[in-house]
Amino acid sequence: MRNKRARGSVDKAVVDVWQREVGEISTRNFVHRLAASEDLVLRLEILRKLDKHRGCVNTVSFNADGNILVSGSDDKRIILWDWETGVAKLTFQSGHLSNVFQAKIMPYTDDRSLITCAADGQVRHAQILEGGVETRLVAKHQGRAHKLAVEPGSPHIFYTCGEDGLVQHIDLRTAAATELFTCCSIDESRAYMPVIALNAIAIDPRNPNLFAVAGSDEYTRLYDVRKYKWDGSTDFGQPTDYFCPSHLIGDDQVGITGLAFSDQSELLVSYNDEFIYLFTQDMGLGPNPVPSSPLSACNEASEMGLDHSAMSASAMEADEKAIPQVYKGHRNCETVKGVTFFGPKSEYVVSGSDCGRIFIWKKKDGQLVRVMEADKHVVNCIESHPHTMVLASSGIERDIKIWTPKAINKATLPTNIEQFKPKPRGWMYRITTPQDLMLQLFSLQRRGTSPEQNEENASAVGRELLEFILTFNANSGASSDDGGNGPEDPFC
């Protein structure tokens, strides 16, 4: 018996219209179905390029209404765009001394209040006044400050994290930031990494009391701010839950570059030199996971086709839980990449890649549905419009791409995705300053490495340190337009 022909997207659209007209589905559900249509995803195309920055664009973010896009760059400037017309409505100096890593417009402020963080460790507040823009320092990190997270619906409160492992709570109505805790390793055997350098922070939109942080180890940590005693009488450093794919527990070569919560409180986690995973609330490891040395390969890794052998007692316990959805195909090893959801009900997962492409997967089953050429080098930032099927992307190039579903023909997947396998550079241990070199020199002792190999590595790094310091001193007076951070900067 011949199989019935699968109903195409055009047929389904006709049925949806009929159901709306006869009242079987509401107008709101009809709009959501249309906005989440795979047909629209396959017709995404560059509407325009926003080109005014003079360095890598490290952050793009829409305001709450979605009519303004704010961007920040290595050039230390902030630009507010009318993205529909391509006009830069306002450009101003952020006040930062180095690369701007994130900029956000605070809600319910008439788009006149912005917060920023940067490679100089500063967290700043900018107010747009009638006579110009005033910026002030509101918090400081010892090291790069990578990300901000705004409390949903609040014009005053946000969080920040940085490479010093510090998480701060900031209320713009007060004079000083509140240092909540410093994120530390739970594995006592990792003496070389006592503090977790944080790359990402995100707040659960359904429960703003919950926020997650992640960085230079394999765990995403979930915290409940209600457990913090504002008089400082308790230690708030203990997470309420940890999240990690079981085959990565005990793997000290991975880290996390991006986090995102969906409207359904699902947690999206992007690993460097690995894949992207989607966790639901019941997939946590609990408040006290037990790390241990790697053992044998786990069944979960085999089922997912992963080549990993790291498995611990915690991993075996986690293996009994539901397996997180995995998203593959992109490459995340050269820079700190974000990850986000796309669609009115977070139907898709979106990420940039080292190959200069944007990857879009179906959230439900991890199917790759779209790959788009977006940068000659690397795509770092993807921002989803709050209300419509519009994306903004940026990376090593100095412009911002705006994507809308306006293509006449549907796109097809390229055939050479699996062929693209760039050599990992290991940005987590990238040497950029003499201090970074010294840190690597004193963190060479790794599990499974022989004393002879450690001695050889130390000698090599020692020679590199001497050469680096001589070169650094010789060029200490040099300067450049991009602050010395061009396309090779892994934190662009």
Side-chain angles (χ1 to χ4, degrees), residues 36 149 152 167 183 186-187 196 200-215 217-228 236-251 254-271 274-292 295 297-306 308 310-328 339-351 361-367:
V167 175
C183 190
I186 63 172
D187 192 341
I196 304 302
I201 184 168
I203 298 176
D204 184 347
R206 295 189 68 177
N207 185 354
N209 296 302
L210 303 179
F211 66 93
V213 298
D217 74 353
E218 68 270 37
Y219 294 103
T220 297
R221 295 159 170 82
L222 184 69
Y223 293 85
D224 188 336
V225 75
R226 290 171 297 187
K227 294 186 177 182
Y228 180 78
F236 183 61
Q238 179 62 37
T240 60
D241 211 347
Y242 287 80
F243 294 86
C244 180
S246 59
H247 67 282
L248 293 182
I249 296 175
D251 189 340
V254 298
I256 296 168
T257 67
L259 294 175
F261 275 105
S262 73
D263 291 335
Q264 296 82 40
S265 294
E266 300 155 313
L267 181 60
L268 197 60
V269 182
S270 180
Y271 282 83
E274 240 275 338
F275 304 126
I276 298 170
Y277 296 90
L278 181 71
F279 297 92
T280 54
Q281 290 179 326
D282 61 340
M283 294 181 183
L285 302 174
N288 296 293
V290 181
S292 63
L295 299 176
C298 66
N299 294 333
E300 175 191 339
S302 300
E303 291 174 1
M304 292 191 295
L306 306 178
H308 293 277
M311 182 65 181
S312 65
S314 289
M316 287 185 286
E317 180 182 350
D319 193 41
E320 299 176 359
K321 298 178 178 291
I323 298 174
Q325 179 62 57
V326 61
Y327 307 92
K328 309 177 186 178
V339 68
T340 190
F341 292 96
F342 187 43
K345 293 184 178 180
S346 305
E347 291 87 354
Y348 300 92
V349 169
V350 188
S351 173
W361 300 265
K362 288 184 179 178
K363 183 187 74 173
K364 185 177 181 180
D365 58 11
Q367 177 189 349

**Item:** Pair His247-Phe275, ring-ring contact (aromatic ring centres under 6.0 Å, His included): steps then yes or no
**Value:** CA-CA 12 Å; His247 67 282; Phe275 304 126; 8.0 Å; no
**Item:** For the student: nearest non-hydrogen atoms of Ser346 and Gln264, plus distance
**Value:** CB-OE1, 4.0 Å
**Request:** Without swapping roles, check the side chain of Asp241 against the backbone of Leu285 for a donor-acceptor pair under 3.5 Å.
**Result:** yes
**Message:** Could you check whether any side-chain heavy atom of Gln325 comes within less than 4.5 Å of a side-chain heavy atom of Val349, counting everything from C-beta outward?
**Reply:** no
**Asked** Between the side chain of Tyr277 and the main-chain N/O of Ile323, is any donor-acceptor distance below 3.5 Å?
**Response** no
**Message:** Are the side chains of Asp204 and Gln281 in contact, using a 4.5 Å heavy-atom criterion?
**Reply:** yes
**Prompt:** How long is the span from the CG atom in Leu267 to the CG atom in Leu278, to the nearest 0.5 Å?
**Reply:** 8.0 Å
**Asked** Under a 4.5 Å cut-off applied to non-hydrogen side-chain atoms, are Pro152 and Ile203 in contact?
**Response** yes
**Asked** Parallel under 30°, tilted from 30 to 60°, perpendicular over 60°: which one fits the rings of Tyr242 and Tyr219?
**Response** perpendicular
**Request:** Starting at CD1 of Ile186, measure out to CG of Asn288 and round the result to the nearest 0.5 Å.
**Result:** 8.5 Å
**Request:** For Ser351 and Val339, indicate whether the former's side chain and the latter's backbone hold a donor-acceptor pair under 3.5 Å.
**Result:** no
**Spatial distance of atom CH2 (Trp361) from atom NZ (Lys328) [nearest 0.5 Å]** = 12.0 Å
**Asked** Nearest 0.5 Å, what's the CG-CZ distance between Asp224 and Phe211?
**Response** 8.5 Å
**Asked** Is the closest side-chain heavy-atom distance between Phe342 and Glu347 below 4.5 Å?
**Response** no
**Message:** Less than 4.5 Å apart, side chain to side chain, heavy atoms only: is that true for Leu259 and Val269?
**Reply:** yes
**Item:** Sub-4.5 Å side-chain heavy-atom contact between Tyr271 and Cys244
**Value:** yes
**Message:** How long is the straight-line distance from CD1 of Ile201 back to OH of Tyr223, given to the nearest 0.5 Å?
**Reply:** 10.0 Å
**Request:** Drop me the distance from Glu266's CD to Met283's CE, to the nearest 0.5 angstrom.
**Result:** 9.0 Å
